[in-house]
Participant: 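Got a structure for you, questions after.
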Amino acid sequence: MIGRKSMGRASPVLLVLLALGFFLSSYLGILGEDWLEDPVIQRPSKAENPKFHVVVTATDAPYSQWQCRIMYYWYNKVKDMPGSDMGKFTRVLHSGNADNLTEEIPTVVVDPLPEGLDRGYIVLNRPWAFVQWLEKATIEEEYILMAEPDHIFVNPLPNLARGNNPAGYPFFYIKPTENEKIIRKFYPVEKGPVSDVDPIGNSPVIIKKSMLEEIAPTWVNVSLRMKDDLETDKAFGWVLEMYAYAVASALHGVRHILREDFMLQPPWDLKVGKRFIIHYTYGCDYNLKGDLTYGKIGEWRFDKRAYLSGPPPRNLSLPPPGVPESVVSLVKMVNEATANIPGWDSSASG
């Protein structure tokens, strides 16, 4: 049974490994290092035990909290539906201390990176959070779904992975082959063609727990090295940690099954159809005629960034006629969650 755990400090062993991995890699590079084990052998097959543990990394900021509450609501709605392989759920809170949601959502508290190491790029805490969680948690399921707070489960999600082939979503803006010069700093020629680096991030990904345990420390170190390289930091910007996961998994010989039906992203994806997750990372701005005004605040809008300091109100107005079904579904699902989550209007308190 997976209980709720509240970890204190990260183990000294992990802190030493993190420091050594980062600083040694600065001088020696990531190739041929002892911490990078032999590549994982790929054996595509149907999982005997397809259940996967749903895990989301988060902070204690109100912006992260309200998204996690909506996500957890829809997880509970769909997890036992026909076709679902969803197992238990954990929010990995990388703020170092418990918050007011630890009783509402199964939560494991881990430490952030040492002060200053993330250089203001808080997403670097994600791989480090996974390393700590995997070391300390008791996880029954053989597989793990790495998810994010702004994910809503719109259909029951089966295990899309096959054996040692994880499943991931192909992002149009993750382009390893178009960034070969930079990728080669971390993934050298002798490891294989740059096309072996999948066009993915770490989320959403369904992967064997044992494989993630091998990849995660490499992911930490590649992320830190990329952030420390000025050219890479400038080129990859806010998706740097996504590239780091793609490179780290390739260094372990892991290739992902690319599933476009894994997720949809309004307003660009117009219909929900048979996709499984709504990712509401983009602002949805429309005029009253139902025309998209992306980049310009619309007469009607839904943008998660409008609620940085507290949750959106209950009963958001629905989009005007002509707005795509994906956006309408998103707003209806947000409204259903907020109408049924107790104490929604007070969820901004830390």
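Any value given below was found using the heavy atoms of this structure, including those in side chains, with hydrogens, waters and symmetry copies removed.
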Participant: Check V331 against S317 and note the closest heavy-atom contact, atom names and distance.
Facilitator: CG1-O, 3.8 Å

Participant: State, yes or no, whether a side-chain contact exists between S309 and P62 at a heavy-atom distance under 4.5 Å.
Facilitator: no

Participant: Look at the side chain of S64 and the backbone N and O of A61, then say whether any donor-acceptor pair between them is shorter than 3.5 Å.
Facilitator: no

Participant: Mind checking whether V272 and L264 have side chains closer than 4.5 Å, heavy atoms only?
Facilitator: yes

Participant: Under 4.5 Å between any side-chain heavy atoms of R225 and F186, yes or no?
Facilitator: yes

Participant: If hydrophobic clusters are built by linking Ile, Leu, Val, Met, Phe, Trp and Tyr wherever their side-chain heavy atoms come under 4.5 Å apart, do F236 and F171 end up in the same one?
Facilitator: yes

Participant: Look up atom CG in L292 and atom CG in L270, then write down how far apart they are to the nearest 0.5 Å.
Facilitator: 9.5 Å

Participant: Among all residues two or more places apart in sequence or in another chain, which pass the side chain to side chain donor-acceptor pair (under 3.5 Å) test with K79?
Facilitator: none

Participant: If we ignore angles and hydrogens, is there a donor and acceptor under 3.5 Å between the side chains of H279 and D150?
Facilitator: yes

Participant: Under 4.5 Å between side-chain heavy atoms, counting indirect links through other Ile/Leu/Val/Met/Phe/Trp/Tyr residues: same cluster for L230 and I182 or not?
Facilitator: no

Participant: With a sphere of 6.0 Å drawn around CG of L308, does it hold more than 12 non-hydrogen atoms of other residues, nucleotides or ligands?
Facilitator: yes

Participant: I'd like to know if E299 pairs up with K289 as an ion pair, taking the criterion as any Lys NZ or Arg NE/NH1/NH2 lying under 4.0 Å from an Asp or Glu carboxylate oxygen.
Facilitator: no

Participant: A side-chain contact here means heavy atoms from C-beta on lying under 4.5 Å apart; do L240 and D233 qualify?
Facilitator: yes

Participant: Salt bridge check: are R301 and D303 linked by an N-O gap of less than 4.0 Å?
Facilitator: yes

Participant: Verify the neighbour count for atom CD1 of I297: are there more than 12 heavy atoms of other residues, nucleotides or ligands below 6.0 Å?
Facilitator: no

Participant: Tell me whether Y187 shares a hydrophobic cluster with V189, the cluster being built from Ile, Leu, Val, Met, Phe, Trp, Tyr side chains joined at under 4.5 Å.
Facilitator: no

Participant: Examine the side chains of T57 and R126 and answer whether a donor and an acceptor come within less than 3.5 Å of each other.
Facilitator: yes

Participant: Would you compute the distance between atom CE of M263 and atom CG of L157 and round it to the nearest 0.5 angstrom?
Facilitator: 12.0 Å

Participant: Before we go on, tell me: are the rings of F172 and W268 under 6.0 Å apart, centre to centre?
Facilitator: no

Participant: Closer than 4.0 angstrom, basic N to acidic O: yes or no for D269 and R275?
Facilitator: yes

Participant: Rounded to the nearest 0.5 Å, what separation is found between the CZ atom of F262 and the NE2 atom of H151?
Facilitator: 8.5 Å

Participant: To the nearest 0.5 Å, tell me how far N335 CG sits from R314 CZ.
Facilitator: 10.5 Å

Participant: If I compare all heavy atoms of V55 with all of V92, which pair ends up nearest, and what's the gap?
Facilitator: CG2-CG2, 3.4 Å

Participant: When you compare the side chain of I70 with that of M333, does any pair of heavy atoms fall below 4.5 Å?
Facilitator: no

Participant: Less than 6.0 angstrom separating the ring centers of W133 and H53, yes or no?
Facilitator: yes

Participant: Please confirm whether K51 makes a cation-pi placement over Y143, using NZ or CZ under 6.0 Å from the six-membered ring centre and within 45° of the ring normal.
Facilitator: no

Participant: Between I207 and I257, is there a shared hydrophobic cluster once you connect ILVMFWY residues whose side-chain heavy atoms come closer than 4.5 Å?
Facilitator: no

Participant: Under 3.5 Å, is there a donor-acceptor pair linking the side chains of N125 and H94?
Facilitator: no

Participant: Working to the nearest 0.5 angstrom, can you tell me the gap between I152 CD1 and K77 NZ?
Facilitator: 12.5 Å

Participant: When the aromatic ring centroids of Y63 and Y307 are compared, is their separation below 6.0 Å?
Facilitator: no

Participant: Any donor and acceptor pair, going by atom type alone, linking the side chain of T107 with main-chain N or O of I105 inside 3.5 Å?
Facilitator: yes

Participant: Minimum heavy-atom separation for T59 to Q65, with atom names?
Facilitator: O-CG, 4.5 Å

Participant: Does the pair K209/E141 count as a salt bridge with the N-to-O cut at 4.0 Å?
Facilitator: no

Participant: Is the distance between the ring centroids of Y245 and Y243 less than 6.0 Å?
Facilitator: no

Participant: Of all the heavy-atom pairs spanning P166 and N164, show the shortest one and how long it is.
Facilitator: CD-O, 3.3 Å

Participant: Is it the case that the side chain of N179 and the backbone of I183 share a donor-acceptor pair, with hydrogens and angles ignored and the cut-off at 3.5 Å?
Facilitator: no

Participant: Would you find a donor on one side and an acceptor on the other, under 3.5 Å apart, between the side chain of R305 and the backbone of T281?
Facilitator: yes

Participant: Of all heavy-atom pairs between S203 and M146, which one has the smallest distance, and what is that distance?
Facilitator: OG-O, 3.1 Å

Participant: Got a salt bridge between R119 and D228, using NZ or NE/NH1/NH2 to carboxylate O under 4.0 Å?
Facilitator: yes

Participant: In the single-linkage hydrophobic clustering (I, L, V, M, F, W, Y; side-chain heavy atoms under 4.5 Å), do V78 and V56 co-cluster?
Facilitator: yes

Participant: Quick one: CG on N155 to CZ on F276, what's the gap to the nearest 0.5 Å?
Facilitator: 7.0 Å

Participant: Decide, yes or no, whether a salt bridge links D261 with K274 under the criterion of side-chain N to carboxylate O below 4.0 Å.
Facilitator: no

Participant: Could you tell me if E336 and Y73 have a donor-acceptor pair between their side chains, going purely by distance under 3.5 Å?
Facilitator: yes

Participant: Measuring only between side-chain heavy atoms, which start at C-beta, is M242 closer than 4.5 Å to I200?
Facilitator: no

Participant: Does any non-hydrogen side-chain atom of V54 lie less than 4.5 Å from one of T90?
Facilitator: no

Participant: I'd like to know if K208 pairs up with E213 as an ion pair, taking the criterion as any Lys NZ or Arg NE/NH1/NH2 lying under 4.0 Å from an Asp or Glu carboxylate oxygen.
Facilitator: no

Participant: So, are K191 and D196 salt-bridged, with charged N and O less than 4.0 Å apart?
Facilitator: no

Participant: Is there a side-chain contact between Q265 and Y282 (heavy atoms, below 4.5 Å)?
Facilitator: yes

Participant: Does S95 reach the main-chain N or O of N97 with its side chain, forming a donor-acceptor pair under 3.5 Å?
Facilitator: no

Participant: Is D85 reaching over with its side chain to a backbone N or O of N159, donor-acceptor style, under 3.5 angstrom?
Facilitator: yes

Participant: When you measure from the side chain of N202 to the backbone N and O of P127, does any donor-acceptor pair fall under 3.5 Å?
Facilitator: no

